[in-house]
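Predicted model, so just to flag it, every value in this text is computed and none were measured.
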Amino acid sequence: MIEHPVRDLHSDKQVQPMFCKVIVEQDGTTYLQKKSDKNKYEKILWDDVVYQVEAAKAVNR
């Protein structure tokens with residue numbers, strides 16, 4: 001498993017704030033994970049994110 005931070009690359013801060021983490025499992029399954037509360041995290045499948053973004057873009061065409 002690999003975890004890597006996803007940061008706001010447009011931030012003016014010296015250390016760009018972390019938005020969430022990307023997690024890639026051994027089998028290639030990919031998630032985004034964000035902290036929702038102290039010691040609580042939410043995960044969503046990357047494929048679900050891509051599907052919803054593409055659907056939103058299609059509505060806007």
Which donor-acceptor pairs under 3.5 Å do the side chains of residues 42-61 make with protein atoms, sequence neighbours left out?
residue, atom, partner, partner atom, Å
Q52, NE2, D48, O, 3.2

Taking side-chain contact (heavy atoms from CB on, under 4.5 Å) as the test, write out the residues that go with N39, two or more places apart. none
Interatomic distance, K35 atom NZ to Y41 atom OH [nearest 0.5 angstrom]: 4.0 Å
Locate the shortest heavy-atom distance separating Q16 from D8; write the atom from each residue and the value. CB-O, 3.4 Å
List in chain and number order the residues that pass side-chain hydrogen bond (donor to acceptor under 3.5 Å, both in side chains) with T30, two or more places apart in sequence or in another chain; answer none if no residue qualifies. none
Heavy atoms of C20 and K34 approach each other most closely as CB-CB, 4.2 Å
Using the test side-chain contact (heavy atoms from CB on, under 4.5 Å), find all partners of F19 that sit at least two apart in sequence or belong to another chain. none
Close side-chain approach of P5 and M18, heavy atoms under 4.5 Å: yes
Main chain of P17, side chain of R7: is a donor-acceptor contact present, judged purely on distance under 3.5 Å? no
Salt bridge (Lys or Arg N to Asp or Glu O under 4.0 Å) pairs, two or more places apart, involving residues 15-31: E3-K21
